[in-house]
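The block underneath contains the structure these notes are about, expressed in C-alpha cells.
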Amino acid sequence: MFKEFKAFIARGNVLDLAVAVIIGAAFGKIVSSLTDDIIMPVIGKITGGLDFSSHFVVMGAVPANLAGSTDYAALKKAGVAVFGYGAFITAAVNFMILAFIIFLLVRSVHKLMDKPQEPAAEAPPEPADIALLREIRDELKKRPTV
C-alpha cells in the first residue's frame with residue numbers, strides 16, 4: 001500500500017495540483033486585498049461614502065463595553081450575533097473578480113494551446129496492384145450469375 005501511495009504522490013498531476021492550491025491561496029489573498037483596499041473604497045466614494053464592511057444588523061445582546069459600537073470586527077470577536085450583509089457583498093465582489101481573472105487565464109491558455117493544425121497531407125496514391133484487384137472485383141460484380 002505504501003508503494004502505491006508513493007507512486008500516486010510521485011505522479012505529476014498530484015504535484016501540479018498541490019502547487020495550484022498554494023498559488024491559488026496566495027492569489028486569493030491578493031484579490032481580497034484588491035477588493036478590500038482598492039475597489040470597495042472606490043465604490044464607496046462613488047456611492048457617497050458607502051462602506052460595505054460597516055453594514056450589518058445586530059441580532060443578539062451587545063456587551064456593555066461595546067454598546068453603540070459600529071465596528072463589525074469587534075462585535076464578531078466579542079461573540080455577538082451579527083447579520084453582516086456588507087461583508088457578504090464584499091465576499092461576492094471578491095468572488096466575481098477572482099472568477100473573472102481565472103476565466104481570463106483559462107481563455108489565454110486555451111488560445112495558446114489551440115494552435116491551428118496543419119492541413120492533413122494527401123493520402124498516398126493507391127498501389128497499382130490494389131487498384132487492379134478492385135477493378136477485377138467490380139467487373140465480376142457486373143457479370144450476371146448463372
Side-chain angles (χ1 to χ4, degrees), residues 1-139 141:
M1 184 168 80
F2 181 71
K3 288 181 182 181
E4 288 176 300
F5 180 70
K6 184 178 174 184
F8 173 75
I9 293 297
R11 287 195 343 216
N13 295 344
V14 175
L15 296 175
D16 292 343
L17 181 61
V19 169
V21 167
I22 292 168
I23 291 174
F27 191 67
K29 289 180 183 178
I30 291 170
V31 170
S32 292
S33 175
L34 173 71
T35 304
D36 295 340
D37 301 330
I38 296 173
I39 293 174
M40 294 311 275
V42 170
I43 291 173
K45 183 72 172 173
I46 292 170
T47 59
L50 182 63
D51 179 17
F52 286 107
S53 64
S54 65
H55 283 61
F56 59 91
V57 176
V58 178
M59 300 180 70
V62 178
N65 63 334
L66 291 175
S69 175
T70 60
D71 187 9
Y72 177 72
L75 289 170
K76 278 195 69 116
K77 188 174 180 180
V80 177
V82 288
F83 181 69
Y85 63 91
F88 176 76
I89 291 171
T90 302
V93 170
N94 272 353
F95 171 76
M96 294 304 291
I97 293 169
L98 189 58
F100 182 69
I101 291 172
I102 290 172
F103 165 74
L104 292 176
L105 287 173
V106 169
R107 191 176 77 167
S108 314
V109 168
H110 281 285
K111 282 184 179 179
L112 289 174
M113 298 195 61
D114 291 340
K115 294 182 180 175
Q117 296 180 356
E118 295 179 18
E122 291 184 28
E126 190 173 53
D129 56 343
I130 300 292
L132 182 61
L133 287 172
R134 184 165 288 131
E135 287 176 26
I136 294 170
R137 180 197 66 196
D138 292 343
E139 287 296 321
K141 282 183 180 178

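The model shown is predicted, which means the values in this text are computed figures rather than measured ones.
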Quick one: side chain to side chain contact (heavy atoms under 4.5 Å, CB included) partners of [X], sequence neighbours excluded?
X: Ile136; result: Leu132, Leu140
X: Pro127; result: Asp129, Ile130
X: Leu133; result: none
X: Leu104; result: Phe100, Arg107

So, taking the atom named [atom1] in [X] and the one named [atom2] in [Y], what distance separates them when rounded to the nearest 0.5 Å?
X: Phe27; Y: Leu105; atom1: CZ; atom2: CG; value: 6.0 Å
X: Ile101; Y: Ile30; atom1: CD1; atom2: CD1; value: 9.5 Å
X: Lys3; Y: Met1; atom1: NZ; atom2: CE; value: 13.5 Å

Exercise. Can you check side-chain contact (heavy atoms from CB on, under 4.5 Å) on Phe95 and Val31, steps first, answer last?
Worked result: CA-CA 9 Å; Phe95 171 76; Val31 170; over 6 Å; no

Below 3.5 Å, can you tabulate the donor-acceptor pairs from side chains in residues 73-88 to any protein atom, sequence neighbours excluded?
none

For this session: Sequence neighbours left out, what passes side-chain hydrogen bond (donor to acceptor under 3.5 Å, both in side chains) with Asp138? Give chain and number order.
Result: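 Here no residue qualifies.
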
For this session: Give a yes or no answer on whether the side chain of Ser33 reaches the backbone of Lys29 with a donor-acceptor pair at less than 3.5 Å.
Result: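 Side chain of Ser33 to backbone of Lys29: no pair is present.
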
